[in-house]
There are 2 protein chains.
Amino acid sequence: MDDSKPEQVKSIADLARIGGVSVSTVSRALTGKGALNKDTRERIQALADRHGFKLNVAAQNLRLGRSGAIAVLLPLGHERGQHLSDPFFMVMLGFLADALADRGYDLLLSRVLPQGDDWLDSFIRTGRTDGVIIIGQSNQSAVLDRTAAHYAPMVIWGEQSARNAHITVGTDNQAGGALAAQHLVERGRRRLAFFGNVAVPEFAARYQGFVAALPAELRDTVELVHTHITPQASLEVAAAWFAAGNRPDGLFAASDVVAMSLLSAATDNGLSVPGDLSIIGFDDIPMARLTSPPLTTVAQDIEGGARQLVDLLFRRLAGEDAGSISIAPRLVIRESS
Amino acid sequence: MDDSKPEQVKSIADLARIGGVSVSTVSRALTGKGALNKDTRERIQALADRHGFKLNVAAQNLRLGRSGAIAVLLPLGHERGQHLSDPFFMVMLGFLADALADRGYDLLLSRVLPQGDDWLDSFIRTGRTDGVIIIGQSNQSAVLDRTAAHYAPMVIWGEQSARNAHITVGTDNQAGGALAAQHLVERGRRRLAFFGNVAVPEFAARYQGFVAALPAELRDTVELVHTHITPQASLEVAAAWFAAGNRPDGLFAASDVVAMSLLSAATDNGLSVPGDLSIIGFDDIPMARLTSPPLTTVAQDIEGGARQLVDLLFRRLAGEDAGSISIAPRLVIRESS
DNA sequence: ATGCCTTAAGCAAACGTTTGCAAGCGTCTC
DNA sequence: GAGACGCTTGCAAACGTTTGCTTAAGGCAT
């Protein structure tokens with residue numbers, strides 16, 4: 001009845017012909033949906049295996065009116081022209097990939113250089129994706145809000161704010177900043193500075209939480225040093241800042257990578273950490289323990305965050321009106337403070 | 001003629017009805033393919049813009065018999081259960097995303113835990129993707145070879161070998177190992193060790209090139225220390241190794257992350273770098289210059305590699321029988337050696 | 001033998017595009 | 001004035017699935 005030569009089976013129709021059944025039967029056998037005789041189902045499945053046939057996902061999705069993919073977008077609105085290699089992203093991406101794979105969805109990765117204010121809507125309207133996860137608001141909060149108003153399946157990793165209409169999952173950055181402040185104060189540090197780009201909402205909140213948690217007399221003296229968070233940029237800024245004669249005793253960095261730059265620049269200038277000054281990072285990337293001395297840092301639960309992002313997205317896809325989620329940060333004290 | 005209420009336009013057919021033309025005309029107007037009166041084309045395009053209509057990419061791809069996506073797979077055959085956060089991957093992924101976007105293709109990201117020997121063929125047969133880029137052979141060379149025999153649009157970032165049937169783009173790892181060896185020898189180092197996992201082809205080649213380039217009398221004394229390349233694993237191995245009393249004067253690491261672990265462990269043991277020993281990494285990730293002292297390393301041209309991977313893939317997609325590409329490494333001397 | 005119920009499997013439309021073919025129509029040439 | 005030609009547009013089939021509806025077949029009670 002069915003030949004054993006490995007003839008090319010390109011579609012359900014080919015398999016139906018070979019198996020002597022109709023296409024609907026093959027479809028029901030392979031998807032497991034709908035009523036079908038157990039023997040027939042097994043026979044067709046075996047036949048499909050023998051010919052190495054798999055359903056064409058594209059056609060399947062078209063028919064089902066979905067795309068089977070979730071887009072993960074990295075907007076590079078700030079950091080223009082700078083390549084993001086921060087391990088934070090890789091860790092996040094890894095966990096997202098796993099969480100989406102668990103649900104049978106593909107991960108569509110895209111770095112976007114926001115142009116105008118239509119990039120997000122345009123992307124969504126192509127129907128390439130069933131939902132969107134955005135890593136970081138960058139400087140695109142307005143665009144995100146506009147889209148959120150009519151498009152439900154979108155969640156953003158970033159800073160939560162009452163002013164935002166879009167749904168977020170993210171670390172409580174203010175609380176994180178406060179943890180850093182308290183720790184430095186406990187260590188008796190008084191000449192403080194924050195390194196980061198406060199045009200980015202997450203970093204602004206870290207800075208704000210940091211300042212707010214300081215005793216009143218220190219609040220006005222804390223310096224805000226602007227830097228992008230790439231290794232190159234932050235190292236240059238840090239080197240120039242120390243070269244200018246600045247001699248702080250407590251530094252809080254917007255990210256671990258920036259903290260590593262600070263550590264490097266401080267050491268280059270003959271300062272000892274934590275002898276002369278304390279340095280605190282943010283993220284707790286896996287490499288944070290590899291510096292000398294190992295980095296004290298405010299840890300973000302990236303794995304939990306990724307899981308929450310995906311959970312929330314799928315709840316919203318299902319029509320539920322689920323809201324933003326805030327995750328508590330945790331201070332990890334190592335030897336740089 | 002055409003109303004201005006923002007009525008929901010879900011398909012080319014809706015737009016055709018509103019515009020008073022046929023679906024084929026709309027299709028030709030929006031894709032720019034086929035002959036069409038300039039006025040009509042512009043009128044339809046304006047109409048589409050006004051209604052915020054975009055062609056459905058899924059349907060388009062189905063009709064065109066393609067998927068419009070390229071899969072990037074990270075096989076985790078070795079490093080099981082370990083999460084890869086290495087900046088190398090993020091940098092590579094970023095460049096790949098850009099190169100694919102330039103060609104109008106989506107990037108489908110997938111981490112795979114190889115199960116059995118059918119994971120790759122199964123994935124490909126779903127028709128989810130038009131081509132595959134695999135980052136690292138991991139321990140799956142046999143699977144890759146089997147697939148390469150009947151599936152052309154697949155390129156692998158990794159180690160090139162005459163034994164492999166699959167097409168690769170990658171750094172000449174042996175040459176890279178040789179660069180490290182020559183450099184250490186020039187520095188007068190004699191008690192040498194390599195840290196890495198030689199079950200991974202790239203690392204094996206680095207080790208082999210390293211040993212082969214040493215003067216005969218050193219070749220037998222160089223120690224091979226097995227370690228996974230995650231920060232956690234390599235730091236543990238390095239700490240234990242130093243704790244066991246090993247006192248080398250030249251270390252070559254399979255990656256910069258491993259080198260950072262070595263640096264950290266050496267410092268913890270009161271050894272000075274480069275005073276007591278030299279350390280050389282591999283990759284030249286952006287963070288390599290942030291360590292104290294900054295890391296000497298064998299640089300891989302990741303951007304060039306990504307571009308070559310994509311070029312090669314599209315040449316093969318076009319039917320050309322293009323072959324493997326080897327990229328020369330470059331020694332970057334900083335202060336850890 | 002008839003009718004009814006259950007189970008199994010087929011038919012055909014639909015998802016939203018693209019494109020070969022053909023038709024309509026105006027213009028040009030001789 | 002007739003045929004040829006070029007340009008523009010429409011018709012309908014096709015891409016590979018899923019699924020509501022229908023039919024066929026068999027079993028069982030009457």
Side-chain angles (χ1 to χ4, degrees), chain A residues 1-2 8-45 47-48 51-69 104 106 124-130, chain B residues 1 7-45 47-48 51-69 104 106 124-130:
Chain A
M1 173 160 297
D2 39 5
Q8 188 73 321
V9 177
K10 310 201 60 115
S11 75
I12 230 180
D14 293 347
L15 203 62
R17 196 170 23 74
I18 298 178
V21 294
S22 72
V23 289
S24 22
T25 300
V26 176
S27 172
R28 288 192 260 256
L30 265 35
T31 59
K33 285 194 260 179
L36 202 58
N37 181 285
K38 189 155 166 287
D39 291 347
T40 319
R41 166 159 294 151
E42 283 166 3
R43 185 169 66 84
I44 299 298
Q45 282 176 346
L47 195 61
H51 289 266
F53 176 76
K54 292 266 177 185
L55 289 171
N56 179 309
V57 187
Q60 188 172 43
N61 287 333
L62 174 63
R63 170 63 226 225
L64 295 177
R66 54 169 218 176
S67 75
D106 287 329
I124 290 170
R125 284 199 308 260
T126 59
R128 219 186 293 259
T129 176
D130 296 334
Chain B
M1 171 159 301
E7 149 187 4
Q8 189 74 320
V9 178
K10 309 202 61 115
S11 75
I12 232 179
D14 293 346
L15 203 63
R17 196 169 22 72
I18 299 177
V21 294
S22 73
V23 290
S24 22
T25 299
V26 176
S27 172
R28 288 193 262 255
L30 266 36
T31 58
K33 284 194 261 178
L36 201 57
N37 182 283
K38 188 156 167 287
D39 292 346
T40 319
R41 167 161 292 151
E42 283 166 4
R43 186 170 66 84
I44 299 299
Q45 282 175 346
L47 195 62
H51 289 267
F53 175 75
K54 292 267 176 185
L55 289 171
N56 180 308
V57 187
Q60 188 172 44
N61 287 333
L62 174 62
R63 170 62 226 224
L64 295 178
R66 53 169 218 178
S67 75
D106 288 328
I124 290 170
R125 283 198 309 259
T126 59
R128 218 186 293 260
T129 177
D130 296 335

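We name chains A, B, ... by the order of the sequence lines, and we start the count at 1 in each one.
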Mind checking A:Ser11 for me? I need base, sugar-phosphate or nothing, with any heavy atom below 4.0 Å counting as a touch.
sugar-phosphate
Nearest whole angstrom, please: distance from the C1' of D:dT17 to the CZ of A:Phe53.
9 Å
Do A:Ile44 and A:Leu36 pass the side chain to side chain contact (heavy atoms under 4.5 Å, CB included) test, and can you show the C-alpha distance, the side-chain angles, and the key distance before you say yes or no?
CA-CA 11 Å; A:Ile44 299 298; A:Leu36 202 58; 6.0 Å; no
Flag, side chain of B:Gln45 to backbone of B:Ala29, donor-acceptor distance under 3.5 Å:
yes
Rounded distance (Å) that lies between atom P of D:dA14 and atom CG of A:Asp14
15 Å
Side-chain contact, heavy-atom cut-off 4.5 Å: A:Leu47 with A:Phe53?
no
Side-chain heavy atoms of B:Thr25 within contact of B:Arg41, under 4.5 Å:
no
Could you state the CZ-P distance from A:Arg17 to C:dG10, rounded to the nearest angstrom?
15 Å
Between A:Lys54 and B:Ile124, is there a side-chain heavy-atom distance shorter than 4.5 Å?
no
Side-chain heavy atoms of B:His51 within contact of B:Ile18, under 4.5 Å
yes
A:Ser24 and A:Ser27: side-chain donor and acceptor closer than 3.5 Å?
no
Atom CZ in B:Arg43, atom OG1 in B:Thr40: separation rounded to 0.5 Å?
6.5 Å
Given axes from five pairs at either end, by how many degrees does the helix from C:dA1-D:dT30 to C:dC30-D:dG1 bend, rounded to 10°?
60°
Taking only the side-chain nitrogens and oxygens of B:Ser27, find out if one of them lies under 4.0 Å from OP1 or OP2 of C:dT17.
no
Only one of B:Asp130, B:Asn61, B:Thr129 forms a side chain to side chain donor-acceptor pair (under 3.5 Å) with B:Arg66, so which one is it?
B:Asn61
For A:Glu42 and C:dA9, give me the distance from atom CD to atom P, rounded to whole Å.
12 Å
Just by modelled atom types, is the B:Asn56 backbone N or O under 3.5 Å from a matching donor or acceptor in the A:Thr126 side chain?
no
For the student: nearest non-hydrogen atoms of A:Gly34 and A:Arg28, plus distance:
CA-CD, 4.3 Å
Contact letters for nucleotides 5-12 of chain D, in which S counts primed atoms plus P, OP1 and OP2 and B counts the base, heavy atoms under 4.0 Å
---SBBB-
Measure from CD1 on A:Ile12 to C1' on D:dC15 and round the result to the nearest Å.
13 Å
Within residues 56-65 of chain B, which residues have any heavy atom lying less than 4.0 Å from an atom of DNA chain D?
B:Leu62, B:Arg63
Phosphate-side-chain proximity, A:Lys33 and D:dT18, N/O vs OP1/OP2 below 4.0 Å:
no
